[in-house]
Amino acid sequence: MKTFAPRALQEVRFESTVVEALPADPRTENVPRQVPEAAYTFVTPTPVATPRLLAWSDDLAERLGLVRPSSVGAAVDILAGNTLAPGMRPYAARYGGHQFGNWAGQLGDGRAITLGELIAVDGSRQELQLKGAGPTPYSRFADGRAVLRSSLREFLCSEAMHHLGVPTTRALSLVATGEPVVRDMFYDGHPQPEPGAIVCRVAPTFIRFGNFEIHSAADEHAVLRRLVEHVIRAHYPQFDAADPAAPAAWFAEICRRTAVMIAHWMRVGFVHGVMNTDNMSILGLTLDYGPYGWLEGYDPQWTPNTTDASGRRYCYGNQPQIGLWNLARLAGALLPIIEDHDALHQGLELYRSVYHSTWQGLLAAKLGLDRIEGEDDTALVDDLFSLMAAVETDMPILFRGLGDDLDEDESGLIERVVRPALYEGADLSQDLMARWQAWFARWRRRGEASGLAKGERQRRMNANNPCYVPRNYLAQRAIDAATEGNLEPLEELLTVLRNPYERQSGRESYAARRPEWARHRAGCSALSCSS
Ligand code: AMP
Ligand code: MG
């Protein structure tokens, strides 16, 4: 491993393997248009009035070998798109996608601009991308900007997911632009100016399923092949890009990673909200934090996205199925270059089996068991979810309680685990109480039969059932304060979420149920796509 002293962002020398490996759009004028045959278009971020750093990830910066900048200055100017660091050749990527089940044609980075790649402390290559840095040829009818509320939510959730152990893209910085952005938040014909902000996102690459789909749909098979080879070379070195069998094996690996990612979403109760194929990372990382949400009351039909409320395509319980559907679209896009169609089917089958085994493993850990196997175990799990669905019961609180209060008897578990998880109006009838007691007794017997020591069971449970998740209303509180110029609630929330599996004294309220006032408030439960 290379060791070097942390450096200021403006001193980093950037590179771009994408620019080296893939064809650029020969045109550079920054007007909305269809772009043929190219993987990206060179475009410079549009400068903003008065950039100021609002949040920073020390943990990520340490990995990147960067020093924390002060709130204004050279580094923040780069993070706002006002200047470039050496070697940066910014571009917007061209991609397409299936949105809500339909082919949407060319989409592309409408408000994201990649600055370049740097070599991190561990030798890995990491791409820095600004979201909200101004229009690109892919902006279509929109402005290329992002509002503070959505940018803060992206920053916060990127941090939370990383510390929860869910594969995710990361966020390095949140910068206020000092410029208003006009949005019609409720789509009710009342646009309002809101503060603008820019997130600097970081991942080895932001290439999505949609990048492959656009070349395939446009019959650009040579570019498609170059893209596949580039991604294998740069990001899947375990495969030999020159081997004709590599693309099929690579596709299977994408299926595997996507399955693991979605199983973790299910474990922590994350609902992405817009699982369009243009939002699916080719690395199996959670990508594009928009109208996402966290399952509070357990309801598999729940979706945080108001645009999805009628169809519920992207609700919590559908996510595993949608992952498969999206991979099938990627498989379809790869048909022109992967002749072995059986291999593609096997990849999709692998998704099913990896999802199943990963989810069963995570469930076993969540319940402090050695494994979930056979009809009795399946019934134990199904019955738990039925009990949680019977009346509105908070999923994170319920699961966390199981590990924290493992020593309680059945009535103790009801008082200490079930009751604190019940929302207002969720009545624990005699019948429901009896069903919970019976379930706890079965779970206890099964736990004793697992052969695991009590301490080990508790350790597994508490390492998989977070105390703290970024409940939407907590994010909204931080947004409201930040909008007023007070960053303390955001900083405290970030501190809590950076250590989500450990009870933090004095921070009990962060682990509690969403208060009733937040149930129907904008941003506190459901969200629109307006961002
Ligand atoms: P999303 O649903 O946020 O993943 O966005 C879908 C597409 O719309 C992507 O191509 C985005 O780049 C584009 N888009 C979303 N918001 C904006 C915006 N404010 N300006 C330009 N393009 C946008
Ligand atoms: Mg997107």
Side-chain angles (χ1 to χ4, degrees), residues 30-35 39-41 43 45-46 48 81 90-114 129-151 153-155 157-158 168-169 171 177 179-185 187 191-199 201 203 205-214 217 271-283 285-293 303-308 311 313-314 322 326 329 527-531:
N30 194 358
V31 289
R33 55 197 163 86
Q34 291 294 309
V35 175
Y40 57 90
T41 303
V43 59
T46 305
V48 297
Y91 64 83
R94 171 170 171 247
Y95 56 81
H98 280 83
Q99 298 188 314
F100 293 92
N102 306 303
W103 174 243
Q106 178 182 292
L107 299 165
D109 284 333
R111 55 170 168 176
I113 297 180
T114 288
Q129 181 179 78
L130 301 182
K131 183 164 171 183
T136 77
Y138 307 97
S139 296
R140 295 175 290 161
F141 43 83
D143 59 6
R145 292 296 184 192
V147 292
L148 174 63
R149 71 184 143 81
S150 69
S151 304
R153 280 170 48 85
E154 174 138 17
F155 183 90
C157 203
S158 304
T168 180
T169 62
T177 61
E179 290 181 5
V181 173
V182 176
R183 287 288 181 273
D184 187 356
M185 184 167 159
Y187 298 126
Q192 297 282 333
E194 297 185 46
I198 296 174
V199 170
R201 314 198 278 196
T205 180
F206 287 93
I207 293 174
R208 306 129 192 272
F209 292 7
N211 296 70
F212 300 85
E213 289 181 278
I214 192 73
V271 190
H272 185 288
V274 210
M275 288 179 74
N276 294 332
T277 56
D278 52 300
N279 291 335
M280 296 293 292
S281 147
I282 204 66
L283 300 180
L285 303 174
T286 313
L287 170 64
D288 265 13
Y289 292 98
Y292 67 83
T303 175
N305 182 354
T306 51
T307 312
D308 190 37
R313 178 180 174 85
Y314 297 143
I322 294 291
N326 288 342
R329 301 290 77 71
L527 291 111
S528 77
C529 275
S530 154
S531 60

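We count ligands from 1, going down the list as the structure has it; atoms in each ligand are counted the same way.
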Check your understanding: What about the rings of Phe100 and Tyr314, do their centers lie closer together than 6.0 Å?
Key -> yes

Protein contact of [atom] - nearest heavy atom, named by residue and atom, plus distance:
atom                    : value
atom 18 (C) of ligand 1 : Ala142 CB, 3.4 Å
atom 7 (C) of ligand 1  : Arg140 NH2, 3.1 Å
atom 9 (C) of ligand 1  : Gly108 O, 3.6 Å
atom 16 (N) of ligand 1 : Arg111 NE, 3.3 Å

Tell me, do [X] and [Y] make a side-chain contact under 4.5 Å, heavy atoms counted?
X      : Y      : result
Glu194 : Leu148 : no
Ser528 : Tyr187 : yes
Pro291 : Thr307 : no
Leu107 : Arg140 : yes
Arg145 : Ile198 : yes
Thr41  : Arg33  : yes

Point to revise | Non-hydrogen atom of Arg94 closer than 4.0 Å to ligand 1 | key: no

Heavy atoms only, cut-off 4.0 Å: how does [X] contact ligand 1, side chain, backbone, both, or neither?
X      : result
Arg183 : side chain
Arg145 : backbone
Tyr95  : side chain

**Study point:** Arg329/Glu213 salt bridge by N-O under 4.0 Å criterion
**Key:** no

Practice item. Return yes or no for this condition: an N or O of Gly144 is under 3.5 Å from an N or O of ligand 1. Key: yes

Point to revise | Backbone or side-chain N/O/S of Asn279 under 2.8 Å of the Mg ion (ligand 2) | key: yes

Point to revise | Any non-hydrogen protein atom less than 4.0 Å away from atom 5 (O) of ligand 1 | key: no

Practice item. For side chain to side chain contact (heavy atoms under 4.5 Å, CB included), just list the numbers for Met275 and Asp288, CA-CA rounded to whole Å, side-chain angles, deciding distance to a tenth of an Å, and then say yes or no. Key: CA-CA 9 Å; Met275 288 179 74; Asp288 265 13; over 6 Å; no

Could you list the atoms of ligand 1 found under 4.0 angstrom from a heavy atom of [X]?
X      : value
Gly110 : 12 (O), 20 (N), 21 (C), 22 (N)
Leu107 : 10 (O)
Asp288 : 4 (O)

Study note, to complete from the structure: Atom name of the N, O or S atom of Asp288 nearest to the Mg ion (ligand 2) is OD2

Revision key, fill the gap. Heavy-atom proximity to atom 2 (O) of ligand 1, picking from Val181, Asn279, Asp109, points to Asn279

Practice item. Identify whether NZ of Lys or CZ of Arg in Arg153 sits under 6.0 Å from the centre of the six-membered ring of Tyr289 and within 45° of that ring's axis. Key: no

